[in-house]
Amino acid sequence: MKRLVVVSNRVADLSRSAQAGGLAVGLADSLRQRGGVWMGWDGQTLKYDDQPEPRIRKIGTVTQATIPLTEQDYAEYYLGFSNSVLWPLFHYRLDLVEYKSVFLDGYRRVNAKFADALTSVLQPDDIIWVHDYHLIPLAAELRQRGCNQRIGFFLHIPFPPPEIIAAVPRHRWLVESLLEFDVIGFQTNTDLGNLQHYVEDHLGCRMEQDGRIRIGKREVIAGCFPIGIDVDAFVEMAEKPNEEVAIETQRRDILGRKQIIGVDRLDYTKGLPDRLRAFARLLELYPEMRKTVALMQIATPTREEVEAYVEIRKELEALSGAINGRFADFNWTPVRYIHGTVPREALAALFRASQVGFVTPLRDGMNLVAKEYIAAQSMEDPGVLVLSKFAGAAEELREALIVNPYDVDDMARNLCRALTMPLEERRERQAALMKRIRKHDARHWLESFMAALERGETQHAA
Ligand code: ADP
């Protein structure tokens with residue numbers, strides 16, 4: 001079996017993998033089993049470049065190879081091109097793109113730096129798997145350095161239609177670089193279809209039914225590999241008694257109150273302001289719901305050095321305050337807004353204790369929270385998932401209540417429907433959804449991508 005080399009912007013902390021999400025755990029397990037390397041940025045920023053070689057740390061069968069970035073790299077490659085150009089653009093938010101030509105220079109420079117570092121650890125028989133939008137030009141950089149190993153790429157975020165991609169400066173270069181990988185994986189068939197449209201409209205190539213694209217003498221395979229979670233691990237976590245959550249739940253039970261839960265990074269793609277407005281609309285449209293339900297929104301701070309993230313935080317704080325000011329009573333707080341992170345064990349227990357999972361991104365690659373909420377439910381008395389049609393997960397999770405995250409009234413009506421849904425219907429939906437998340441779990445994602453990368457097996461568009 002060939003040695004697997006995983007490359008991503010950041011390296012997961014392998015020594016604490018039990019704490020991390022399904023992806024890191026799944027990848028780490030796979031690396032441990034076959035032996036491998038994980039390469040990425042170590043999270044340090046230096047004033048000047050002074051370390052051309054990656055720092056090597058061996059943890060069991062896995063070798064971690066990390067490099068620092070300079071402050072300039074961090075500003076231009078990470079905050080700049082990755083998170084102020086590609087992130088908003090790939091999430092269909094042209095209005096939030098902030099482009100400077102130095103961002104593109106920094107992006108190319110850091111990808112070259114990754115390629116240099118990687119070249120020093122690569123062996124001829126390795127197989128390489130690169131992750132996400134930070135590293136689209138990496139295969140092209142590696143090829144220029146004579147690397148002819150098989151290289152795969154998985155895009156964790158959406159891939160937008162050609163009209164939107166065309167707003168990226170040097171978009172043709174970007175997509176041509178993407179096509180230097182041997183296998184390109186997307187979360188959904190919509191994303192895959194968008195690549196097909198781009199290569200047909202801008203590059204004059206065809207994508208075959210099975211995802212093969214011929215460019216010059218090379219052949220690339222593109223496919224849809226929806227990412228999943230480790231379902232059993234999450235079920236186990238949700239079933240474990242959690243004292244603090246249990247006390248809180250008992251209190252709610254005595255008062256006969258229900259809970260709607262939202263859990264996200266505090267990102268403008270997650271549709272948080274309209275989610276809060278939809279909850280307020282529920283209380284307006286159905287006054288009988290007042291004092292019977294509360295919304296708990298947990299929002300983890302993220303990328304606070306980018307201006308758009310400062311704005312969204314202010315907006316949410318103002319909105320949750322305004323809703324509470326308007327509706328709260330001395331013994332009922334309608335919105336509990338938590339700007340922070342909750343340990344995974346508590347999160348699983350909170351999901352289980354919440355009657356509605358409210359997941360309404362304006363655009364999302366997949367959205368693992370939706371799958372975690374399903375995994376956490378009990379079959380005796382399951383909650384209901386209310387899910388945005390623009391989450392990648394909506395392509396699979398058809399038994400959720402699917403909503404338009406731009407339509408506050410539609411979300412409010414579906415919240416009401418979820419809160420009043422008969423037990424039998426909840427059970428039917430839960431059973432169907434559970435089957436789906438089990439079918440496309442973390443292991444399936446990993447194995448199907450590796451099959452494409454190692455053996456050229458393709459995924460048929462559904
Ligand atoms: P994204 O990758 O855009 O952040 P996902 O929903 O796909 O969105 O994955 C987010 C992961 O981070 C999930 O595993 C989720 O449980 C976890 N997470 C998100 N927000 C929080 C939070 N506030 N506290 C704890 N964990 C969180």
Side-chain angles (χ1 to χ4, degrees), residues 8-10 12-13 16-27 82-83 86-88 90-93 131-134 154-158 186-188 191 225-231 233-235 237-238 242 244-245 261-272 275 295-304 306 308-309 312-313 316 320 336-352 354 357-376 385 387-388 390-397 400 405 437 440-442 445:
S8 58
N9 175 58
R10 291 294 300 271
D13 187 346
R16 288 196 314 137
S17 60
Q19 286 287 315
L23 162 67
V25 174
L27 267 174
S82 297
N83 286 318
L86 293 182
W87 177 271
F90 279 30
H91 288 88
Y92 299 60
R93 292 297 299 270
H131 291 261
D132 233 1
Y133 59 103
H134 315 86
F154 186 77
L155 185 68
H156 292 256
I157 66 175
F186 296 102
Q187 299 274 27
T188 66
D191 301 323
F225 304 87
I227 202 164
I229 62 168
D230 182 342
V231 178
F234 213 85
V235 168
M237 213 155 47
N242 181 304
E244 281 184 308
V245 176
I261 193 159
V263 175
D264 311 74
R265 275 184 310 105
L266 211 180
D267 196 294
Y268 52 76
T269 59
K270 302 291 183 184
L272 294 168
R275 187 182 307 173
L295 169 68
M296 180 183 283
Q297 176 62 54
I298 306 172
T300 318
T302 175
R303 302 176 198 162
E304 289 177 306
V306 177
Y309 289 78
I312 187 91
R313 177 176 175 185
L316 276 182
S320 54
R336 269 201 278 173
Y337 169 68
I338 299 159
H339 181 244
T341 304
V342 170
R344 286 185 77 71
E345 295 73 24
L347 200 64
L350 281 170
F351 281 150
R352 195 177 179 86
S354 301
F358 200 17
V359 183
T360 59
L362 303 178
R363 195 60 68 169
D364 213 333
M366 173 55 61
N367 197 292
L368 292 180
V369 168
K371 295 189 171 182
E372 290 169 356
Y373 179 77
I374 299 293
L385 176 65
L387 178 63
S388 160
F390 298 123
E395 224 176 64
E396 291 172 75
L397 303 181
I437 61 167
H440 283 158
D441 67 356
W445 171 74

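The first residue in the sequence is number 1, and the count goes up from there. Remember, it's 1-based here, ligands and their atoms both numbered in the order they're listed.
When the options T269, D267, L266, T302 are evaluated for a side-chain contact (heavy atoms from CB on, under 4.5 Å) with I312, the one that passes is L266.
Of all non-hydrogen atoms in L368 and I227, the two that sit nearest each other are CD2-CG2, 3.9 Å.
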Q: Give the intermediate values and the outcome of side chain to side chain contact (heavy atoms under 4.5 Å, CB included) for residues V342 and V263.
A: CA-CA 9 Å; V342 170; V263 175; over 6 Å; no
Q | Step-by-step side chain to side chain contact (heavy atoms under 4.5 Å, CB included) determination, H156 to Y133 | A | CA-CA 8 Å; H156 292 256; Y133 59 103; over 6 Å; no
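The residue from V263, I298, V359, T302 that puts a heavy atom closest to atom 19 (C) of ligand 1 is V263. Between M366, H339, K270, K371, it is K270 that holds the heavy atom closest to atom 8 (O) of ligand 1.
Looking at ligand 1, you'll find an N or O of G340 within less than 3.5 Å of one of its N or O atoms. Checking only distances, L347 never comes within under 3.5 Å of ligand 1, N or O to N or O. Considering both main-chain and side-chain atoms, T300 comes within under 3.5 Å of ligand 1 through a nitrogen or oxygen pair.
Side-chain atoms of R275 come within 3.5 Å of backbone N or O of K270 as a donor-acceptor pair. Panel note: side chain T188, backbone D191; a donor-acceptor pair is recorded below 3.5 Å. The closest donor-acceptor contact from the side chain of S388 to the backbone of L362 lies at 3.5 Å or more, if one exists at all.
Atoms of ligand 1 found under 4.0 Å from any heavy atom of T341, numbered from 1 in the order shown, are 24 (N), 25 (C). Residue R265 approaches ligand 1 through these ligand atoms, each under 4.0 Å from one of its heavy atoms: 1 (P), 3 (O), 4 (O), 20 (N). Each of the atoms 24 (N), 25 (C) of ligand 1 lies under 4.0 Å from some heavy atom of V342.
With a 4.0 Å heavy-atom cut-off, ligand 1 is reached by the side chain of E372 but not by its N, CA, C or O. Under 4.0 angstrom from ligand 1, there are no non-hydrogen atoms of T269. In R344, the part holding a heavy atom less than 4.0 Å from any atom of ligand 1 is the side chain.
In this structure, the side chains of I298 and L347 come closer than 4.5 Å at one or more pairs of heavy atoms.
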